[in-house]
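Quick caveat: nothing in here was measured; it's all calculated off a predicted structure. As the structure lists them, so they are numbered: ligands from 1, and atoms in each ligand from 1.
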Amino acid sequence: MKHRAIKRRNVVIGIGATAGAAAVGGIALNANAATGNASKSSDGSLVFDPDAYTKLTTTVTDTEGTEHAVTYHFWKAITYVSKPVDTTYQSLNVSVPVEIDGTAVDASNAPILLANSVGGYMPSSVADATGVGGASMGGGGGGGAPSGAPTASTSASPTASASASAPGANGDTNATGGAMNTNQLLALAAGYVVVEPGARGRGLKNSAGEYYGSAPAVIVDLKAAVRYVRANKGRIPGNVDRIVSAGTSAGGAVSSLLGASGDSPIYAEHLKEIGAADASDAIFAVGAWCPITDLEHADGAYEWNWGTNALSTGKQADQTVSKDLRSQFAEYQAKLRLRGLKGSGFGTLTARNYDEYLLKQYMEPSASTYLAALSDSDRETYLAKNTFVTWDGEKATFTWAGFLTHVGARKKTVPAFDAFDLSAGENNEFGSATTANRHFTAYGAKNDTTGLAGKRVESDIPELLNLMNPMYHLVEKVNGKRSRHWWIRLGTNDTDTSHVISANLAARAENLGDEVDHLYYWDQGHGANTDPGDFITWIAKVTGYKKAGKK
Ligand code: DHB
């Protein structure tokens with residue numbers, strides 16, 4: 001498997017417009033891309049200033065190891081709503097390639113990669129970026145550092161820096177930001193437009209002590225960003241009908257949600273409240289890496305998958321709770337009535353056959369690809385160390401139990417998402433303006449250990465779950481405006497959520513007739529993106545785009 005760090009160097013070689021000088025459509029704009037402040041039109045209108053860019057150069061090393069010199073126009077920290085709550089987060093950056101390897105390129109009809117940097121459902125900001133791929137998350141970017149966010153096991157990844165200025169050797173293997181930075185750089189070098197929206201996230205608290213970033217803020221903001229881009233068709237270069245979203249983990253979840261929920265009316269009031277542009281928020285395609293989604297069913301799916309794997313302490317999670325949750329999963333899965341992907345030979349997917357399905361459809365092919373790419377001696381070494389794998393010279397086979405043992409410790413306790421003590425990041429994501437952490441499943445609420453009166457979820461929770469779950473838009477309300485192209489990736493060692501979550505999303509989309517490209521990266525953990533070049537090629541394929549020279 002090709003697996004290289006993507007490097008870049010940024011050099012400012014000119015400034016496209018003088019701060020405050022540009023006027024578009026009679027509206028004065030603060031073109032302060034070079035000064036580092038969030039810019040927006042002074043009257044709150046949402047008109048993009050095509051001239052307010054900084055000209056940058058960067059060197060992108062592609063997945064073959066070839067360096068590309070890219071000159072691009074960079075628009076920084078443009079507020080994408082007319083009634084922002086916090087411009088640190090509700091702003092986006094735009095990068096448009098104008099010259100690649102000495103040849104002028106015209107990106108006016110190129111696909112638009114909408115790359116979010118959401119991690120852990122935390123706030124993400126592009127306000128301090130100095131070039132493409134420079135987002136930060138976890139309250140970075142100056143204002144509103146999250147307070148009151150629980151320090152649960154789930155927050156390990158969210159607190160990782162997403163700074164993309166130095167992706168380093170693991171830029172495409174580990175933290176959320178690294179993977180996405182890779183996509184942005186490769187997209188730019190392929191001649192695509194890159195839009196990077198920030199978004200509010202859990203934990204943000206205003207001076208009145210109210211939380212303003214919990215669900216559904218993240219998806220409302222990303223939709224507003226899409227609307228801003230579309231409303232500025234012809235001003236922002238790129239094809240607004242070929243927006244391809246990308247995100248990892250919580251960012252993969254909201255990327256899927258963006259694709260599934262295009263133009264859904266259930267967001268209308270929320271979008272109005274922040275002054276989102278009056279335009280469609282449907283997107284063309286979804287890229288989702290290890291999406292942490294379908295949260296209200298994720299506890300059951302987790303126990304079905306990892307329930308008998310020990311915790312990192314060596315102890316088992318509470319098996320009574322685990323079994324309860326596993327049976328909830330069986331019920332849910334039966335209700336979904338999903339069929340295995342085409343060619344899998346699997347009919348209805350159930351709690352009884354899902355292990356075999358994952359094995360045959362994903363795990364064994366993933367291991368086979370991995371082993372086939374190794375040298376003979378490396379393969380021998382691997383097989384000697386991993387005796388659970390049988391290799392026939394072409395294909396790897398193993399049992400589900402062998403696979404589970406190979407993965408080892410489960411990352412999360414039980415329940416993994418709706419923690420009885422409200423300590424999971426997701427409890428914080430479903431908090432309200434005045435309550436930091438809340439239960440979002442009946443089972444979590446019933447078993448609450450924090451003294452919750454009534455032991456039931458609050459009345460607004462069901463609607464919040466719909467607003468946050470792509471499966472709602474694919475199953476309960478099949479959305480005709482959804483994306484029809486899905487790129488889904490996940491490391492086989494990723495125990496941040498159940499493997500079923502991605503596989504269900506893929507199966508449902510494909511059962512609806514959409515095009516799905518879903519595979520698992522062998523022996524990779526959370527946040528892996530080991531085939532970023534293939535994603536870029538896939539974008540060209542599904543959008544039908546061929547890079548155009550300057551006319
Ligand atoms: C992320 C990881 C998690 O384990 C989780 O529960 C939510 C989000 C993340 O990396 O974004």
Heavy-atom side-chain proximity of Ile536 to Tyr192 below 4.5 angstrom
yes

Under 4.0 Å, heavy-atom basis, I'd like to know which part of His526 is in contact with ligand 1: side chain, backbone, both or neither.
side chain

Near-ring test Trp400/Trp306, centroid separation under 6.0 angstrom
no

Counting each atom of ligand 1 from 1 as listed, which ones have a heavy atom of [X] under 4.0 Å away?
X	answer
Asp496	2 (C), 3 (C), 4 (O)
Phe417	6 (O)
Gly120	1 (C), 8 (C), 9 (C), 11 (O)
Gly119	11 (O)
Glu426	5 (C), 6 (O), 7 (C)

I need the single residue from Asp281, Asp263, Asp514 that forms a salt bridge (charged side-chain N to carboxylate O under 4.0 Å, His left out) with Arg482. Which is it?
Asp514

Take every heavy atom of [X], measure it against each atom of ligand 1, and state whether any distance is under 4.0 Å.
X	result
Gly425	no
Met122	no
Lys412	yes

The criterion is side chain to side chain contact (heavy atoms under 4.5 Å, CB included); which residues satisfy it with Gln361, sequence neighbours excluded?
Leu341, Ser344, Tyr357

Got more than 12 heavy atoms from elsewhere within 6.0 Å of NZ, Lys455?
yes

Of the options Trp289, Tyr362, Trp486, Trp487, which is the one that meets His518 in a ring pair (Phe, Tyr, Trp, His ring centres under 6.0 Å)?
Tyr362

Classify the ring geometry between Phe403 and His499 as parallel (under 30°), tilted (30 to 60°) or perpendicular (over 60°).
tilted

